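Just so it is clear, the model here is predicted, and its values are computed rather than measured.
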Amino acid sequence: MGLSQINAPIYEALRKLRRMRVVPFDVPGHKRGRGNMELTEFLGEDCMSVDVNSMKPLDNLCHPVSVIRDAEMLAGQAFGAENAFFMVGGTTSAVQSMIMYACKSGDKIIMPRNVHRSAINALILCDAVPVYVNPDVNRQLGIALGMSVEQVEKAIEENPDAKAVMVNNPTYYGICSDLKKITELAHAHGMLVLVDEAHGTHFYFGENFPITAMKAGADIASVSMHKSGGSLTQSSFLLMGEKINSDYMRQIVNLTQTTSASYLLLSSLDISRKRLALSGREIFAETVEMAEYARSEINQIGGYYAYSKELINGDSIYDFDVSKLSVYTLPVGLAGIEVYDLLRDEYDIQIEFGDIGNILAYISVGDRKRDIERLISALSEIKRRFGKSGAGMLTQEYINPIVAETPRKAFYADKMSLPLEKSVGHVCSEFVMCYPPGIPILAPGELITEEIIEYIKYAKYKGCSMTGTEDINIEYLNVII
């Protein structure tokens, strides 16, 4: 009997295994939860009974020949891809696999500088050379935008030997580039197109969303199913177009992905794909309706600016993801991270992130109207209780870097540790970033400037969660000797 989107092969195989009551003399050592009752009590017997290892009836993620292969085939069909791989190392491992497929040591790759750290980590691993396209910046909101077609064209003309062009689509804030035009441009010059689509799962299943990577003709895309698709944290898809050798890609993935794939993650991908394939249109229509309502109400509070499609300029903001509730906070005299902290500490509301000037509340079908009302009323109260003049506040989220060395060379170079103020003029050999969103303020190989140090100190002072440095307090930076 043929498979269709109503099937979930991994999930079905796990249910069958559970009914069989097989005696386990294999790993994991908790033996269906009996060996760790406190954990079983916490996570539940149902969960622990399917936390199992690869075995013949359940296939093997490293070399799938049965139920995992079937589930991946169904995922490929659902996403409109030639092939799809289940990824259990998050979209981080999917992004790194894309880059390591496209580039060998010394190969150039064109990419926006406001990439997630996983992309620059991939350059450290495979020794590819980045050709950064500094994205346009919306000066009012202080956020980096998409890549303009003209910028990509210039980078291609100046680097005709580049192997690939990488695009973030959408950005964390919901901003999309002209993906179709960029793809056509890259293909005309024999370059692969890789898309970090971490925040765009819903584009594939909802209506009236920006174009998907696969529809635009891109070669490979990394999709965070766990973000807006409903699967468990750390589970993602790697999508491939017809030009990609999926057998070789499997070898690339297996260089870094675990040989002990979690069936909790795999089954969550399988079930979530089935759910979105069958009901995604209704699910995301509801999500958009909630986001649009929240945006409208927040804008009526005054001061805050919940932005949307009115930002579209036909190029660096070619389209906008209306399911994203991105809100500019500086006019009420509060940095985004301050609003983030107040929502959590004073109102027990956890949003996705706050940075210098903006917050992002991630809306999904799991939200309820009353939750949205609670967020709106909390923002209104925060303005009344804590709002002040916005004068003298730092606004810039993104600073164009000066690249002095490749990420790999800088990361492995001889280095010394200097206090922040004394590091100006040196080349950084590590990352500095606010997480989320995980876009580096500094990456290995970039020149440290006064402006960057001012930004780091300001972000620390405002309470941004910072990461990437060897020094846990971010008071010292490692620089190349």
Donor-acceptor check, side chain of [X] to backbone of [Y], threshold 3.5 angstrom: yes or no?
{"X": "N254", "Y": "C62", "result": "yes"}
{"X": "D178", "Y": "V149", "result": "no"}
{"X": "R18", "Y": "D46", "result": "yes"}
{"X": "T40", "Y": "G44", "result": "no"}
{"X": "N159", "Y": "A162", "result": "no"}
{"X": "D219", "Y": "L192", "result": "no"}
{"X": "Y101", "Y": "Y248", "result": "no"}
{"X": "E197", "Y": "P170", "result": "no"}
{"X": "S326", "Y": "Y173", "result": "yes"}
{"X": "S268", "Y": "S231", "result": "no"}

Answer yes or no: is there an ion pair linking [X] with [Y], defined by an N-O contact shorter than 4.0 Å?
{"X": "R368", "Y": "D371", "result": "yes"}
{"X": "E446", "Y": "R113", "result": "yes"}
{"X": "K309", "Y": "D319", "result": "yes"}
{"X": "K154", "Y": "E150", "result": "no"}
{"X": "D161", "Y": "K108", "result": "yes"}

When you look at [atom1] of [X], are more than 12 heavy atoms from neighbouring residues, nucleotides or ligands closer to it than 6.0 Å?
{"X": "K31", "atom1": "NZ", "value": "yes"}
{"X": "Y318", "atom1": "OH", "value": "no"}
{"X": "K180", "atom1": "NZ", "value": "no"}

Evaluate side chain to side chain donor-acceptor pair (under 3.5 Å) for S316 paired with N313, printing each intermediate quantity in order. CA-CA 7 Å; S316 57; N313 61 19; 3.0 Å; yes
Quick check: closest heavy atoms across [X] and [Y], and the distance to 0.1 Å?
{"X": "C103", "Y": "K163", "value": "SG-CB, 4.4 Å"}
{"X": "V403", "Y": "Y132", "value": "CG2-CD1, 3.4 Å"}
{"X": "P440", "Y": "V115", "value": "CD-O, 3.4 Å"}
{"X": "D321", "Y": "H199", "value": "OD2-O, 4.1 Å"}
{"X": "I351", "Y": "L360", "value": "CB-O, 3.7 Å"}
{"X": "P407", "Y": "P130", "value": "CD-CD, 3.6 Å"}

At what distance, to the nearest 0.5 angstrom, does [atom1] of [X] lie from [atom2] of [Y]?
{"X": "T287", "Y": "H202", "atom1": "OG1", "atom2": "NE2", "result": "8.5 Å"}
{"X": "I337", "Y": "S465", "atom1": "CD1", "atom2": "OG", "result": "7.5 Å"}
{"X": "I244", "Y": "L238", "atom1": "CD1", "atom2": "CG", "result": "9.0 Å"}
{"X": "S246", "Y": "E72", "atom1": "OG", "atom2": "CD", "result": "9.5 Å"}

Are [X] and [Y] in a cation-pi contact, defined as NZ or CZ under 6.0 Å from the six-membered ring centre and within 45° of the axis?
{"X": "R250", "Y": "F85", "value": "yes"}
{"X": "K215", "Y": "F79", "value": "no"}
{"X": "K415", "Y": "F411", "value": "yes"}

Derivation of the side chain to side chain contact (heavy atoms under 4.5 Å, CB included) call for M98 and S222: CA-CA 8 Å; M98 292 196 307; S222 304; 3.3 Å; yes
A side-chain contact here means heavy atoms from C-beta on lying under 4.5 Å apart; do [X] and [Y] qualify?
{"X": "R19", "Y": "K16", "answer": "yes"}
{"X": "E292", "Y": "V322", "answer": "yes"}
{"X": "M466", "Y": "I456", "answer": "yes"}
{"X": "I480", "Y": "D414", "answer": "no"}
{"X": "I10", "Y": "I68", "answer": "yes"}
{"X": "H226", "Y": "Q234", "answer": "no"}
{"X": "I109", "Y": "I99", "answer": "yes"}
{"X": "Q5", "Y": "L74", "answer": "yes"}

For Y172 and E352, run side chain to side chain donor-acceptor pair (under 3.5 Å): C-alpha distance rounded to whole Å, both residues' side-chain angles, the deciding distance at 0.1 Å, then the answer. CA-CA 10 Å; Y172 225 137; E352 175 66 13; 2.4 Å; yes
Report the C-alpha separation of Q151 and S148 in whole Å, then their side-chain angles, then the decisive distance to 0.1 Å, and conclude whether the side chain to side chain donor-acceptor pair (under 3.5 Å) test is met. CA-CA 5 Å; Q151 286 174 318; S148 76; 3.3 Å; yes
What do the steps show when you test N83 against L239 for side chain to side chain contact (heavy atoms under 4.5 Å, CB included), and what is the final call? CA-CA 6 Å; N83 291 287; L239 308 179; over 6 Å; no
Check the side chains of H116 and D196 for a donor-acceptor pair under 3.5 angstrom, ignoring hydrogens and angles.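 Side-chain D/A pair, D196 to H116: absent.
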Could you tell me whether the side chains of R15 and Y11 share a donor-acceptor contact shorter than 3.5 Å?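 Their side chains do contain a donor-acceptor pair, which is all the 3.5 Å distance test asks for.
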Exactly one of I441, T467, N121 should register a side-chain contact (heavy atoms from CB on, under 4.5 Å) with F431. Which one does?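 Testing each of I441, T467, N121 against F431, the sole residue satisfying side-chain contact (heavy atoms from CB on, under 4.5 Å) is N121.
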Verify ring-ring contact (aromatic ring centres under 6.0 Å, His included) between F205 and F284, making sure each step is shown before the conclusion. CA-CA 8 Å; F205 301 99; F284 294 120; 7.1 Å; no
